[in-house]
Amino acid sequence: MFQDLRISNNSKFQVTEFILMGFPGIHSWQHWLSLPLALLYLLALSANILIMIIIKQEASLHQPMYQFLAMLAVVDMGLATTIMPKILAIFWFNAKAIRLPECFAQMYAIHCFVAMESGIFVCMAIDRYVAICQPLRYPSIITEPFVIKATVFMAFRNCLVTISVPALAAQRNYCSRNQIEHCLCSNLGVTSLSCDDRKINSINQLVLAWTVMGSDLGLIIVSYALILRSVLKLNSLEAASKALNTCTAHLILIFFFYTVIIVMSITHSAKLKVPFIPVLLNVLHNVIPPALNPMVYALKNKELRQGLHRALRLNTQGH
């Protein structure tokens, strides 16, 4: 009887804030990780801002491919800024508490930005497919209206479908535990604290992963399969090499982005004895791509590299 009464009292109690504990198993020295994470965050912000400035200043870069790259830079900065200030506040000021509405807002922003990044990769794959497989029709297909429509569609799709994640998480009853063994408000980390059944949250996460990320990855694979088939038909080895070189940076970023997502899914489902690993992967997936993307493009793209050199030269001459 007393046990039933305790359960009844717990079910009426509602947690008002969560405590983000940081990296599980290394709480005593996790603050040392703040330096590399802060440097990655600053690198992500400065590199993406620089990419956007170069694209805006260079008239030769006012093309759909670089417009999609500028959108990717905005999304990358949004994704990194969604999590990094809070993580650094946890490490530097021990500011572990986060109110439920803020936590659900962060959860929504993370899912929205990650899905948006995936959508931009699809747009970039389609752009490369048309440029290589249908070069004569490229100016009539990949136009400014196409870029605007693709951007609006992706933004609408990702903002709409990902809202189910925090909406379902907010419907759970958090009546006892409020300590999250994580640096951010991940869906599975938060809902694991609920006192009622969270099966619908897990199913929704799985369905979203397959429908959004799965369909995006499928379109990218089909696009590059068609590109490869078209390139293999070229008689000139130089022309084939040039065509593939325009896709190299994109393929590197896609490989890293989706590989980490797959590894994260496996580590979460495997329930490793070292929970530090999936948490670290989750954090790094949200901060390394924003820092990596502009550097890969700057190194692998000749036009962007030339624009960077001109911008730096003008800057030094100005001083």
Side-chain angles (χ1 to χ4, degrees), residues 18 20 23-24 75 78-79 82-83 98 100-101 103-123 125 153-175 177 179-223 253-289:
F18 293 124
L20 295 169
F23 292 107
V75 170
L79 179 60
T82 298
I83 67 161
I98 182 169
L100 266 66
C103 187
F104 296 136
Q106 187 191 59
M107 187 188 298
Y108 173 65
I110 291 169
H111 282 81
C112 193
F113 281 127
V114 169
M116 194 69 193
E117 186 157 353
S118 178
I120 292 172
F121 282 143
V122 173
C123 294
F153 172 75
M154 285 298 171
F156 182 76
R157 182 200 73 167
N158 298 323
C159 290
L160 192 64
V161 299
T162 55
I163 202 167
S164 63
V165 176
L168 288 173
Q171 290 179 6
R172 301 277 68 80
N173 181 29
Y174 303 96
C175 62
R177 296 176 299 150
Q179 292 187 352
I180 305 172
E181 289 293 334
H182 213 305
C183 301
L184 50 89
C185 290
S186 69
N187 180 34
L188 299 178
V190 171
T191 54
S192 66
L193 302 179
S194 67
C195 301
D196 49 4
D197 187 20
R198 64 186 182 99
K199 188 180 292 183
I200 185 64
N201 300 79
S202 301
I203 292 171
N204 180 62
Q205 183 91 8
L206 189 63
V207 169
L208 275 181
W210 279 104
T211 53
V212 177
M213 305 298 244
S215 61
D216 286 352
L217 184 57
L219 284 170
I220 290 169
I221 290 171
V222 169
S223 298
L253 302 182
I254 287 170
F255 178 79
F256 182 82
F257 181 80
Y258 288 104
T259 300
V260 175
I261 287 179
I262 292 168
V263 172
M264 279 168 52
S265 302
I266 293 170
T267 54
H268 273 295
S269 59
K271 295 180 180 179
L272 298 179
K273 293 181 180 178
V274 187
F276 166 77
I277 294 173
V279 172
L280 179 64
L281 284 174
N282 201 340
V283 172
L284 292 180
H285 182 256
N286 292 325
V287 72
I288 287 183

* To do: Inspect cysteines Cys103 and Cys185 and report if their side-chain SG atoms are under 2.5 angstrom from one another.
  => yes

* Structure fact -> Rounded to the nearest 0.5 Å, the CD1 atom of Ile254 sits from the OG1 atom of Thr259 at a distance of 10.5 Å

* Asked: Any donor-acceptor pair under 3.5 Å linking the side chain of Arg177 with the backbone of Ser194?
  -> no

* **Test disulfide bond (SG atoms under 2.5 Å apart) applied to Cys183 - qualifying residues, sequence neighbours left out** => none

* Minimum-distance pair of heavy atoms, taken over all atoms of Cys112 and Cys159 -> SG-SG, 3.6 Å

* Dump the intermediate steps for side chain to side chain contact (heavy atoms under 4.5 Å, CB included) on Gln205 and Thr191, then the final yes or no. => CA-CA 11 Å; Gln205 183 91 8; Thr191 54; over 6 Å; no

* To do: Start with the C-alpha gap between Cys195 and Cys175, add the side-chain angles, then the distance that decides, and say whether disulfide (SG to SG under 2.5 Å) holds.
  => CA-CA 6 Å; Cys195 301; Cys175 62; 1.8 Å; yes

* Asked: Do you know which of Asn201, Val207, Asn204 makes side-chain contact (heavy atoms from CB on, under 4.5 Å) with Ser164?
  -> Asn204

* Please list all pairs passing the salt bridge (charged side-chain N to carboxylate O under 4.0 Å, His left out) test where one or both residues lie in residues 107-120, with sequence neighbours left out. => none

* From Arg198 CZ over to Asn173 CG, what is the distance, rounded to the nearest 0.5 angstrom? -> 14.5 Å

* Asked: Which of these passes side-chain contact (heavy atoms from CB on, under 4.5 Å) with Thr162: Met107, His111, Arg157?
  -> His111

* Asked: Is the side chain of Asn158 donor-acceptor paired with the backbone N or O of Met154 at a distance under 3.5 Å, no angle test?
  -> yes

* Would you say the side-chain atoms of Gln106 pair up with the backbone N or O of Thr82, donor to acceptor, closer than 3.5 Å? -> yes

* Roughly how far, to the nearest 0.5 Å, is CH2 of Trp210 from OG of Ser215? -> 11.0 Å

* Asked: Mind checking whether His182 and Phe23 have ring centres under 6.0 Å apart?
  -> no

* Only counting residues at least two apart or in another chain, list the ones meeting ring pair (Phe, Tyr, Trp, His ring centres under 6.0 Å) with Tyr258. => none

* **side chain to side chain contact (heavy atoms under 4.5 Å, CB included) between Ile288 and Phe256, intermediate numbers included** => CA-CA 10 Å; Ile288 287 183; Phe256 182 82; 3.5 Å; yes

* Evaluate side chain to side chain contact (heavy atoms under 4.5 Å, CB included) for Leu217 paired with Met213, printing each intermediate quantity in order. => CA-CA 6 Å; Leu217 184 57; Met213 305 298 244; over 6 Å; no

* At what distance, to the nearest 0.5 angstrom, does CG of Leu193 lie from CG of Leu188? -> 11.5 Å

* To do: Fit a plane to each ring of Tyr174 and Phe18, take the angle between them on a 0 to 90° scale, and name the class: parallel (under 30°), tilted (30 to 60°) or perpendicular (over 60°).
  => perpendicular

* Would you say Arg172's side chain and Asp197's backbone share a donor-acceptor pair under 3.5 angstrom? -> yes

* **Point-to-point distance, once rounded to the nearest 0.5 Å, from CE of Met116 to CG of Leu79** => 12.5 Å

* Asked: Between Ser186 and Asn282, which heavy-atom pair has the shortest distance, and what is it?
  -> CB-ND2, 4.0 Å

* Asked: Considering all heavy atoms of both residues, which atom of Asp216 and which atom of Ser118 are nearest to each other, and what is their separation?
  -> OD2-OG, 2.7 Å

* Do the side chains of Val279 and Leu184 get nearer than 4.5 Å, heavy atoms only? -> no

* Asked: Where is the tightest heavy-atom contact between Ala169 and Asn187, given as atom of each residue plus distance?
  -> CB-OD1, 4.2 Å

* Check the pair Phe104 / Val190 against side chain to side chain contact (heavy atoms under 4.5 Å, CB included), numbers first and verdict last. => CA-CA 9 Å; Phe104 296 136; Val190 171; 4.1 Å; yes

* Do the ring planes of Phe121 and Phe257 sit parallel (below 30°), tilted (30 to 60°) or perpendicular (above 60°)? -> perpendicular

